[in-house]
Each structure stands twice: as structure tokens, then as C-alpha cells.
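Beneath this line is the structure, given in C-alpha cells, with notes to follow.
As the structure lists them, so they are numbered: ligands from 1, and atoms in each ligand from 1.
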Amino acid sequence: MIKSLQDTTTLHNGVKMPMFGLGVWQVEDGSTVIHSVKSAIKAGYRAIDTAAAYKNETGVGQAIKESGIPREELFITTKVWNSDQGYESTLAAFDASMEKLGLDYIDLYLIHWPTKGKYKDTWRAIEKLYKDGKAKAIGVCNFHQHHLEDLLADAEIVPMVNQIELHPLLTQKELIDYCRQKDIKVEAYSPLGSGKVLDHPDIARIAEIHGKSVAQVILRWDLQNGIIVIPKSTKESRIIENSDVFDFELSDEEMKRIDQCNKNERVGADPDNFNF
Ligand SMILES: NC(=O)c1ccc[n+]([C@@H]2O[C@H](COP(=O)([O-])OP(=O)(O)OC[C@H]3O[C@@H](n4cnc5c(N)ncnc54)[C@H](OP(=O)(O)O)[C@@H]3O)[C@@H](O)[C@H]2O)c1
């Protein structure tokens with residue numbers, strides 16, 4: 001079981017990825033994202049999850065530089081956006097992201113959404129970036145099992161990570177099982193349901209027993225399930241609170257109780273039906 005904020009999981013290519021990171025979707029570029037990322041790194045976070053589509057890679061890059069932490073101790077993820085999918089356009093999008101981030105390699109490069117008719121060419125480009133050493137690990141987001149099966153039919157390299165919406169209202173048990181069979185690590189995005197699952201009465205009861213917040217209980221549930229998490233906050237106090245989950249343990253019964261909150265309910269788009 002993971003014991004600290006900097007504990008890692010080993011991806012199938014041997015790369016070590018922190019189990020806990022900061023997400024920066026909907027965080028404004030410039031001083032806001034710089035403050036968030038620097039607060040997280042100061043609190044001990046070592047992983048940051050951004051994307052070209054978040055339009056804050058420049059600020060993330062500046063915060064990394066100003067943090068004073070050696071590059072090799074940080075784990076930075078970014079993603080190729082849907083309109084850039086395709087072979088050549090993905091290679092160009094990668095260079096643009098690196099330029100903004102001010103980095104010469106990325107730790108994890110992901111396909112943001114399974115754009116129909118495009119994601120296989122995108123994946124070939126990402127495989128090239130991996131072989132060239134520019135991306136130390138590669139993966140996908142928002143891939144259902146059928147998307148993964150389709151990709152794997154032609155892929156040379158199995159994705160190391162599938163980043164999916166996952167929280168107590170959407171527990172994704174079948175997809176987790178499938179990913180485990182294929183040695184693909186599951187990373188939970190919107191682990192707090194973008195802030196919408198924080199008033200769940202059953203989880204509030206568990207939180208009270210442990211003297212913890214609902215957010216902390218949910219993040220602890222993920223970690224005990226072996227799921228990588230990237231909660232987002234722009235507030236330093238919450239960034240610290242979210243990472244303070246290593247001094248308590250949920251019982252098997254509590255873990256089951258949270259599993260039972262599942263309603264297959266999304267706060268974001270369904271990967272089978274998105275229009276962006
Ligand atoms: N691959 C994809 O398609 C995809 C899609 C969505 C998200 N993601 C990634 O996943 C990350 C996390 O997901 P998310 O941003 O949707 O949401 P989230 O982490 O589930 O929740 C963030 C929301 O909860 C609030 N919050 C955070 N900690 C809290 C706490 N301790 N107590 C009360 N409220 C709290 C935040 O508000 P404040 O900021 O005001 O604190 C924010 O409104 C994203 O930032 C992004 O990196 C990826």
C-alpha cells in the first residue's frame with residue numbers, strides 16, 4: 001500500500017509514475033496556474049497533469065522552473081487535443097506543447113479523447129515519440145474497452161496508462177479489470193466528480209468516523225484500489241488537504257460501501273458520444 005505522496009507505481013515499461021498528482025483543467029494560465037503548481041510541489045506533489053487543451057502549459061512550465069525541484073524528480077503529463085489528431089499533426093502538437101512547457105521530454109503523453117477515424121494514426125505518432133525518447137511513457141484517456149481493443153489490434157506498443165473519469169458515482173469496475181489484464185494502469189480524472197460528489201451522505205459518515213474530509217476519503221479509496229489520482233484545486237489549503245491521506249486506512253467494509261455509491265453517472269462527456 002502506498003505510504004506517501006511521492007510513492008510510485010511501475011508502468012509496464014519500467015517507468016515509475018507517482019500515484020498522486022495535481023490536475024490543472026480549468027485553471028487559468030499565468031499567476032493562477034503558477035501558484036497552484038508551485039503550492040503543490042511545495043506540499044510534496046511531484047506529478048502535474050495538464051493538456052494542450054487546458055491552455056496553461058506555459059504557466060505550468062514556468063512553475064516547474066521556479067519550483068527549484070530537479071526536472072528528473074518531477075512527472076509531467078500532457079495530452080494531444082482532438083483537432084490535432086493524425087500522424088503529422090500529433091508530432092507538431094507535441095513540439096508545440098514542449099515549447100510551451102519549456103521541456104525537452106515529457107514523462108507521459110496521452111491521447112485526450114478517442115477521436116473516431118483518427119486515434120490510430122495519432123497513436124503511431126505517439127509510438128514514434130516514445131521510441132525517440134521524447135515521451136518516457138505513453139497512453140490514452142477516455143478509452144472504453146472497445147476503443148482499447150480496436151487500438152491494440154494495430155498497436156506496436158500497449159498504452160501504459162488509461163486516464164478515465166472515475167469517482168464514487170462512476171466506479172468503472174469492468175474497465176479497471178480489463179486494463180489490469182492488459183497491464184494498463186488506470187488513472188482517475190475528476191476523482192471528486194469535479195467537486196460534485198463531495199456532499200454524499202454515506203461518504204460523509206465514513207469521513208466523520210476517520211476525522212477526515214469527504215475529498216480525503218474518496219482519494220484514499222482510489223489509492224487503496226490501486227488507482228492513480230489527480231485532484232484539482234487552485235486553493236493551497238485544499239491542495240494540502242487532498243494530499244493528507246496517508247495517516248488513515250479505510251476498512252474493507254468502508255471500501256465496499258463507497259463502491260456501492262456507483263450509479264454509472266458521469267460529470268463529463270461519454271467517450272462514445274462527444275462532439276468536440
Ligand atoms: N483526460 C480528460 O479528459 C480529463 C477530463 C477532466 C479532468 N481531467 C484531469 O483530472 C483533473 C481533476 O479533475 P477535475 O478538475 O474535473 O475535478 P476534481 O479534481 O474531481 O474536482 C475539482 C473541483 O473540486 C474542488 N475541490 C478540490 N479539492 C477540494 C476539497 N478538498 N474540498 C472541496 N472542494 C474541493 C475544486 O475547487 P477549487 O479549485 O476551487 O478548490 C474543483 O471545483 C483535471 O484537473 C485534469 O487534470 C482529465
Side-chain angles (χ1 to χ4, degrees), residues 17-29 32-33 35-37 39-40 43 45 47-57 59-60 75-82 85 97 107-115 119 122 138-144 147 159 161-172 175 185-200 203-204 207 212-223 227-245 265-276:
M17 174 171 181
M19 289 290 291
F20 204 106
L22 178 78
V24 296
W25 179 39
Q26 293 176 318
V27 181
E28 207 179 313
D29 200 12
T32 309
V33 81
H35 175 73
S36 302
V37 172
S39 300
Y45 290 55
I48 308 295
D49 182 85
T50 184
Y54 301 169
K55 301 201 182 308
N56 56 19
E57 289 170 310
V60 169
F75 190 99
I76 311 300
T77 298
T78 195
K79 317 182 187 93
V80 55
W81 185 239
N82 305 348
Q85 288 205 37
S97 283
D107 297 280
L108 177 63
Y109 198 47
L110 300 174
I111 298 185
H112 209 146
W113 287 84
T115 300
Y119 62 72
T122 305
I138 54 178
V140 295
C141 307
N142 295 301
F143 272 48
H144 284 320
H147 295 117
V161 173
N162 188 13
Q163 183 185 107
I164 53 173
E165 184 180 336
L166 194 161
H167 44 71
L169 301 183
L170 182 71
T171 55
Q172 300 266 29
L175 185 51
K185 295 288 178 190
V186 174
E187 181 174 23
Y189 82 61
S190 303
L192 311 175
S194 294
K196 292 179 191 125
V197 296
L198 295 174
D199 55 0
H200 197 293
I203 307 176
K212 288 282 173 181
S213 67
V214 170
Q216 288 170 325
V217 167
I218 293 173
L219 296 166
R220 179 75 203 183
W221 165 77
D222 279 309
L223 295 174
I227 303 293
I228 301 161
V229 283
I230 44 167
K232 169 261 176 187
S233 180
T234 51
K235 300 184 175 62
E236 186 165 14
S237 59
R238 286 179 175 171
I239 288 171
I240 294 168
E241 174 192 327
N242 290 344
S243 66
D244 181 16
V245 293
E265 206 171 284
R266 292 178 182 276
V267 297
D270 185 331
D272 272 336
N273 184 24
F274 61 98
N275 60 0
F276 44 83

Inset, instruction - Please name all residues satisfying ring pair (Phe, Tyr, Trp, His ring centres under 6.0 Å) with F143, sequence neighbours left out, ordered by chain then number. - result: Y119, H147
Legend entry - With H112 via ring pair (Phe, Tyr, Trp, His ring centres under 6.0 Å) - residues at least two apart: Y54, W81
Legend entry - Set of residues satisfying salt bridge (charged side-chain N to carboxylate O under 4.0 Å, His left out) with respect to E265, sequence neighbours excluded: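 E265: no salt bridge (charged side-chain N to carboxylate O under 4.0 Å, His left out) contacts found.
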Legend entry - For ligand 1, the residues whose heavy atoms come within less than 4.0 Å (ordered by chain, then number):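 Lining ligand 1: G23, V24, W25, D49, Y54, K79, H112, W113, C141, N142, Q163, Y189, S190, P191, L192, G193, S194, G195, L198, A215, I230, P231, K232, S233, T234, K235, R238, E241, N242.
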Legend entry - Backbone N/O of D49 and side chain of K232: donor-acceptor pair under 3.5 Å: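 No; judged by distance alone, with no hydrogens or angles, the pair does not exist.
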Inset, instruction - Measure from the side-chain N and O atoms of N82 to the backbone N and O of F276, and report whether any donor-acceptor pair falls under 3.5 Å. - result: yes
Inset, instruction - Give, for atom CD1 of I230 and atom CZ of F20, the distance between the pair rounded to the nearest 0.5 Å. - result: 10.5 Å
